[in-house]
2 protein chains.
Amino acid sequence: MGVTERKEREKEFKKSLMLEAAEEVILEKGLDSLNMDEVALKAEVSKGSLYQYFNNKNDLVLGICNKATLLLNEDIQKVLTKDLPGIDLVHMIGATFMSFVSEHPEYFRAMRFHDNLKETAQLEDSTYHHSCRDNMENAFTCMVRAIQIGMQDGSINSSYNPKELAILLWATSHGMVNMAYQHQNAQHFNLLDDLGINLKSMFEGYMKLIGCGIATDEQKKNYDSQSFFEKNGNA
Amino acid sequence: MGVTERKEREKEFKKSLMLEAAEEVILEKGLDSLNMDEVALKAEVSKGSLYQYFNNKNDLVLGICNKATLLLNEDIQKVLTKDLPGIDLVHMIGATFMSFVSEHPEYFRAMRFHDNLKETAQLEDSTYHHSCRDNMENAFTCMVRAIQIGMQDGSINSSYNPKELAILLWATSHGMVNMAYQHQNAQHFNLLDDLGINLKSMFEGYMKLIGCGIATDEQKKNYDSQSFFEKNGNA
DNA sequence: TCAAAAAATGACCATTAGTCAGTTATGGGA
DNA sequence: TCCCATAACTGACTAATGGTCATTTTTTGA
């Protein structure tokens, strides 16, 4: 028969239409003023139908976050296929994240929404939570891989622990991307206003910073390489 | 008489009581489930009174953000009074931010709320918006000063533009602080779970990163020092 | 053609931000 | 001390919106 399979496909298709309607609303009015009645109207279904496909409003937004993390993860994985020194892969992963957010601000909003929900207990009743988390973990693993490649080919200082370094790069690049997002999307974000900003070259500045550091050579001997994580196994 | 002055003081005092009530609610239930009825109840005033002191719910949260930014700014300014090399001042400013967020998660939430509102038009009808912005700008200026001091005393590489470097450090340290916040406050934030984390030493890792960079010496000659901002004045 | 199952609907409910007409408290002048 | 004008306070009310569910419509397979 294959009826159930066909229904499943149709269901997924209808879901995707509803997600697209929601994305449009977010692009137009922002995530804060997303409301279910409007999504239903835009998707040309009733509110009740909407709730047949999504558990609740959070679930709907996490559905968008799921698309976002899938897309980002795909882009980042593609970077790892390139035959380049590890440091360049790290660079490209960061640049990929940067342009992803610039091109899809509504996806970044959905991803921040997911981060915010992590503070609450409401995450469990979404079908998308685990998928979003897995996608981001996968992307993070790509960063670790790029670092490991760099340590092997001699382009990245191998005195770091790869995963620990990945965490630092993950956190700092999120900070950069977030600032870029705000500069692009927030009317009241003034920090960069009195400087002519080119986001691409600001990111290059970031890469230079983590590449070379800010200390003078005289200072550098004061730094050592010990891990910043507690060792679990010792007394 | 001084009656109006006294009334003004009393009004400020009552405002502060209401803000404290709101902070308690945020600490207990999180910012998302903050509701005005509960704040009114906790502050032992009617809802109507609450709205006589604050324009709306956003205004109330920005009132907390105002306290937060005042406090943070005060802490950061104190750092600049120390007689230390500039690089150490930068270090201390970051560490100050880090422990501020760790000790006052509800204040950090309010600050993120403010950042989020910057994307909307709703900011104008808050009395606190400009104050919050000024406080953060002030803290940012402290970072610039610390960098300038470091360039003069030879502890920071002076090939950077101080303000541009401050922006990079501002963004990246926000990223670090945000990750630390999530690790401490979000049940569903798993990224650091399989590592024993000590936030203080993770921050040291960050300082080492921006201090020394990640590249090998061989790689470093590939970086140059050009500004990442467009020059405004040229053709 | 028909009955059972699945899907869709929108009126309805509950919560909560924000309002406002009416009440109470305050302060200064007679 | 009384009185009234002003300021402060109150909570019932409205509007908006997330979420539900009894009913209707559509689909399916015999």
Side-chain angles (χ1 to χ4, degrees), chain A residues 1-18 21-22 25-26 28-64 113 116-117 120-127, chain B residues 1-18 21-22 25-26 28-64 113 116-117 120-127:
Chain A
M1 292 291 151
V3 176
T4 46
E5 286 80 358
R6 200 205 66 212
K7 287 233 171 170
E8 196 56 39
R9 273 204 314 280
E10 279 176 4
K11 195 160 182 172
E12 283 306 312
F13 179 67
K14 284 177 189 169
K15 262 190 167 183
S16 73
L17 291 182
M18 291 173 186
V25 175
I26 292 175
E28 283 168 23
K29 305 196 172 184
L31 184 49
D32 288 332
S33 32
L34 180 77
N35 79 305
M36 297 301 265
D37 290 280
E38 195 174 347
V39 173
L41 192 72
K42 193 149 230 159
E44 292 176 292
V45 296
S46 70
K47 200 172 174 178
S49 277
L50 206 52
Y51 277 92
Q52 209 152 22
Y53 289 86
F54 299 95
N55 296 341
N56 49 45
K57 191 178 170 182
N58 288 347
D59 196 35
L60 178 74
V61 179
L62 290 191
I64 296 172
F113 184 86
N116 268 284
L117 278 187
T120 74
Q122 301 162 37
L123 260 184
E124 296 305 344
D125 49 359
S126 169
T127 35
Chain B
M1 290 295 150
V3 175
T4 46
E5 286 81 359
R6 199 204 67 214
K7 288 234 170 166
E8 195 56 39
R9 273 203 314 280
E10 278 176 5
K11 195 161 182 173
E12 283 307 312
F13 179 67
K14 283 178 190 168
K15 263 189 167 183
S16 74
L17 291 181
M18 292 173 185
V25 175
I26 293 176
E28 282 167 24
K29 305 197 172 182
L31 184 49
D32 288 332
S33 31
L34 179 76
N35 80 306
M36 297 301 263
D37 290 279
E38 196 174 347
V39 173
L41 193 70
K42 195 149 228 159
E44 291 177 293
V45 295
S46 70
K47 200 172 176 179
S49 276
L50 205 52
Y51 277 92
Q52 210 152 24
Y53 288 87
F54 299 95
N55 295 340
N56 49 46
K57 191 178 172 181
N58 289 346
D59 196 34
L60 178 74
V61 179
L62 291 191
I64 296 172
F113 184 86
N116 269 283
L117 279 188
T120 73
Q122 300 161 37
L123 261 185
E124 297 304 345
D125 49 359
S126 168
T127 35

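Bear in mind the structure is a predicted one, so any value in this text is a computation, not a measurement. Here is the naming used below: chain letters follow the sequence lines, and residue numbers restart at 1 for every chain.
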Pairs in or reaching into residues 29-48 of chain B: which pass side chain to side chain donor-acceptor pair (under 3.5 Å), with residues at least two apart or in two chains? Glu28(B)-Lys42(B), Lys29(B)-Glu38(B), Asp37(B)-Lys47(B)

Using atom CG of Asn56(B) as one end and atom P of dA16(D) as the other, report the distance to the nearest whole Å. 16 Å

Take atom CG of Asp59(A) and atom C1' of dG18(D), then tell me their distance rounded to the nearest Å. 14 Å

Rounded to the Å, how far apart are Asn35(A) CG and dT17(D) P? 5 Å

Phosphate oxygens OP1/OP2 of dT10(D): is one of them under 4.0 Å from a side-chain N or O of Tyr51(B)? no

Using whole Å, what does the distance between atom P of nucleotide dT19(C) and atom CZ of Phe54(B) come to? 15 Å

Integer-rounded Å distance: dT15(C) C1' and Lys57(B) NZ: 11 Å

Passes side-chain contact (heavy atoms from CB on, under 4.5 Å), Leu34(A) versus Lys57(A)? Steps please. CA-CA 9 Å; Leu34(A) 180 77; Lys57(A) 191 178 170 182; 4.3 Å; yes

Please list, for nucleotides 9-11 of chain C, all pairs of protein and nucleotide N/O atoms separated by less than 3.5 Å.
from	atom 1	to	atom 2	distance (Å)
dT9(C)	OP2	Ser46(A)	N	2.9
dT9(C)	OP2	Ser46(A)	OG	3.3
dT9(C)	OP2	Ser49(A)	OG	3.2

Output yes when a side-chain donor or acceptor of Asp59(A) lies under 3.5 Å from a complementary backbone atom of Thr127(A), and no otherwise. yes

OP1 or OP2 of dA7(D) under 4.0 Å from side-chain N/O of Lys11(B): no

For Leu117(B), does its backbone N or O pair with a side-chain atom of Thr120(B) as donor and acceptor, under 3.5 Å? yes

Does Leu123(A) reach the side chain of Leu62(A), with side-chain heavy atoms less than 4.5 Å apart? yes

Rounded interatomic separation in angstrom, taking OH from Tyr53(B) and P from dG18(C): 19 Å

Do any side-chain nitrogens or oxygens of Lys14(B) fall under 4.0 Å of OP1 or OP2 in dC9(D)? yes

note: Leu41(B), atom CG; dT10(D), atom C1'; distance rounded to Å ~ 14 Å

Roughly how many Å is it from CG in Leu34(A) to P in dG18(D), rounded to a whole number? 7 Å

Of all heavy-atom pairs between Asn55(B) and Ser126(B), which one has the smallest distance, and what is that distance? ND2-CA, 4.2 Å

Begin with the C-alpha distance, continue with both residues' side-chain angles, and end with the deciding distance and a verdict on side-chain contact (heavy atoms from CB on, under 4.5 Å) for Met36(A) and Leu60(A). CA-CA 9 Å; Met36(A) 297 301 265; Leu60(A) 178 74; 3.8 Å; yes

